[in-house]
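Residue numbering restarts at 1 for every chain, and letters A, B, ... go by the order of the sequence lines.
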Amino acid sequence: MKLATWNVNSLKVRLPQVLQWLAENPVDVLCLQETKLTDDKFPVAEIEAAGYQVAFTGQKTYNGVAILSRHPMTEVVKGNPHFEDEQQRLIAASIDGMRVICAYVPNGQALDSDKYGYKLRWLEGLRHWLAEELAAHDKLAILGDYNIAPEDRDVHDPAAWEGNVLVSPPERAAFRQLQDMNLKDAFRLFEQPDKLFSWWDYRQMAFRRNMGLRIDHILLSAPLATRCSACVIDKVPRKWEQPSDHTPVVATLD
DNA sequence: ATGGCGGTGTAGCACCGA
């Protein structure tokens, strides 16, 4: 069983790449963020033709999340029942005995921005909902763009990023609080090469210079972490023409 | 210190992302 997450930065633009990636990497579940599509424009037929069922919730221009699955999905929930939010950033489904949650955590923009407060409140709301979901589902995976680099080793140049969103102590504390709920960062269950990231700015040839951050994560509850045999970042799609600025992260469960 | 790039909307640029 393979679970993956990918912030595609517009599914309209990236659909061919998603289909190509799935053809080469036929994962069981793929969580997408930043689809940027209203539900009436979601490419259901193309994704079903590739062998996947799909659940999605979107809006115009911003946000939007989806779960693609080779196996039946039930109990689909859109949004956080405990956090009123017009922004479409969460979707959950039960798949093959697991609870799978796809999350697009707010960016926060800047530490002095209202959006930063929204980000921290959003994460607090997520925590409360997750506590409930974990009580109901011992096998839970939450995949997505967390917009948090958990540690300095997840940042190409920690000094340059100090004082910025994605690395601030309150955001990192929020990430640790998720880990304190016995959710394991799948990537860190294994020895990994240094300086392996999941996002690189489009500007300044950041990808070529590996000026990136690891902000896309797969968190697994203990019964799933025990079964996890690998977690890799697939940099290949970031090298394609007209790429997303994020690249997929994949966890293998035995 | 700022903007760099890319996507979107409805436009001739402004906004947002990270």
Side-chain angles (χ1 to χ4, degrees), chain A residues 5-18 21 31-43 56-66 85-90 102-123 126 143-175 187 195-217 233 235 237-249:
Chain A
T5 180
W6 192 5
N7 178 325
V8 290
N9 185 21
S10 167
L11 185 56
K12 180 183 165 190
V13 172
R14 232 66 67 186
L15 179 62
Q17 297 192 20
V18 170
W21 189 79
C31 294
L32 300 179
Q33 301 86 38
E34 283 207 86
T35 55
K36 298 186 177 180
L37 290 172
T38 51
D39 290 351
D40 58 304
K41 296 203 167 69
F42 198 92
F56 50 88
T57 182
Q59 65 188 88
K60 202 156 80 167
T61 313
Y62 303 118
N63 310 311
V65 286
D85 192 4
E86 288 180 3
Q87 303 188 23
Q88 303 305 310
R89 296 178 174 278
L90 278 174
C102 174
Y104 176 46
V105 177
N107 170 278
Q109 196 169 61
L111 300 190
D112 59 0
S113 161
D114 289 344
K115 291 175 183 167
Y116 183 71
Y118 163 68
K119 180 178 192 173
L120 295 179
R121 286 195 308 278
W122 193 96
L123 285 162
L126 175 66
L143 307 87
D145 176 359
Y146 286 74
N147 270 317
I148 300 171
E151 301 177 62
D152 277 353
R153 60 178 167 162
D154 300 311
V155 181
H156 69 93
D157 183 349
W161 277 84
E162 198 169 345
N164 214 322
V165 288
L166 316 191
V167 304
S168 74
E171 292 166 78
R172 287 178 165 176
F175 191 82
F187 185 79
K195 306 210 176 293
L196 190 42
F197 307 121
S198 67
W199 169 86
W200 301 262
D201 200 297
Y202 283 121
R203 297 163 287 192
Q204 297 181 301
M205 295 194 295
F207 181 64
R208 245 178 263 196
R209 299 158 70 190
N210 199 31
M211 296 167 60
L213 302 176
R214 193 177 70 92
I215 54 177
D216 300 272
H217 308 299
I233 295 175
K235 287 170 70 169
R238 190 64 176 77
K239 303 170 186 172
W240 290 344
E241 287 291 313
Q242 201 179 8
S244 167
D245 43 357
H246 297 250
T247 210
V249 183

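Phosphate contact (OP1/OP2 of B:dA18, side-chain N/O of A:N147, threshold under 4.0 Å): present. The side chain of A:K115 contributes an N or O atom lying less than 4.0 Å from OP1 or OP2 of B:dC16. An OP1 or OP2 oxygen of B:dC16 is reached within less than 4.0 angstrom by no side-chain nitrogen or oxygen of A:T61. For the OP1/OP2 pair of B:dG7 and a distance below 4.0 Å, the side-chain nitrogens and oxygens of A:Q242 include at least one atom meeting the criterion.
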Can A:R89 and A:D145 be said to form a salt bridge (Lys or Arg N to Asp or Glu O under 4.0 Å), step by step? CA-CA 10 Å; A:R89 296 178 174 278; A:D145 176 359; over 6 Å; no

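Checking A:N63 against A:Q88 by side-chain atom types alone, no donor-acceptor pair falls below 3.5 Å.
Remark: A:L166 in residues 154-169 of chain A come within less than 4.0 Å of DNA chain B through at least one heavy atom.
Between A:N7 and A:Q204, the residue anchored nearer the 5' end of DNA chain B, judged by the nucleotide with its closest heavy atom, is A:Q204. A residue-by-residue look at A:R203 and A:V13 shows that A:R203 has its nearest nucleotide of DNA chain B further toward the 5' end.
A:S244 places a side-chain N or O within donor-acceptor distance of the main-chain N or O of A:N7, the cut-off being under 3.5 Å. Distance alone, capped at 3.5 Å, places no donor-acceptor pair between the A:H156 side chain and the A:R209 backbone.
In this structure, A:F42 and A:F56 have parallel ring planes: the angle between them is below the 30° cut-off, well short of the 60° mark.
Comparing B:dG4 with B:dG9, their C1' atoms are spaced 22 Å from each other, to the whole Å. Distance noted for atom P between B:dC15 and B:dT10: 14 Å (whole Å). For the P atom pair drawn from B:dC13 and B:dT2, the interatomic distance equals 22 Å after rounding to whole Å. Only the C1' atoms considered, B:dG7 is 26 Å distant from B:dA1, to the nearest whole Å.
As rounded to whole Å, 13 Å separates atom C1' of B:dG3 from atom CE of A:M211. Between A:K60 atom NZ and B:dG9 atom P there is a gap of 6 Å when expressed in whole angstrom units. The nearest whole Å value for the distance from the CG atom in A:D245 to the P atom in B:dC16 is 17 Å. At whole-Å resolution of the value, CG in A:N210 and P in B:dA18 are 18 Å apart. When the P atom of B:dG7 is taken as reference, atom CG of A:N63 falls 17 Å away, rounded to whole Å. Counting to the nearest Å, the P atom of B:dC5 and the CZ atom of A:R209 are 13 Å from each other. Atoms OH (A:Y62) and P (B:dC15) sit 9 Å apart, rounded to a whole Å. Separating the OH atom of A:Y202 from the C1' atom of B:dC5 is a distance of 8 Å, rounded to the nearest angstrom.
Side-chain atoms of A:N107 and base atoms of B:dA18 include a donor and an acceptor less than 3.5 Å apart.
Residue contacts shown for A:Y104 are limited to sugar-phosphate atoms, with no base heavy atom under 4.0 Å away.
Annotation: A:Q87, atom CD; neighbour count of heavy atoms from other residues, nucleotides and ligands within 6.0 Å is above 12.
Using a cutoff of 4.0 Å between basic side-chain nitrogens and carboxylate oxygens, A:R121 and A:D114 are not scored as salt-bridged.
Screening A:F187, A:W122, A:F175 for a ring pair (Phe, Tyr, Trp, His ring centres under 6.0 Å) involving A:Y146 leaves a single residue, A:F175.
Nearest to the side-chain atoms of A:R89 among the listed nucleotides B:dA18, B:dT8, B:dG17 stands B:dG17.
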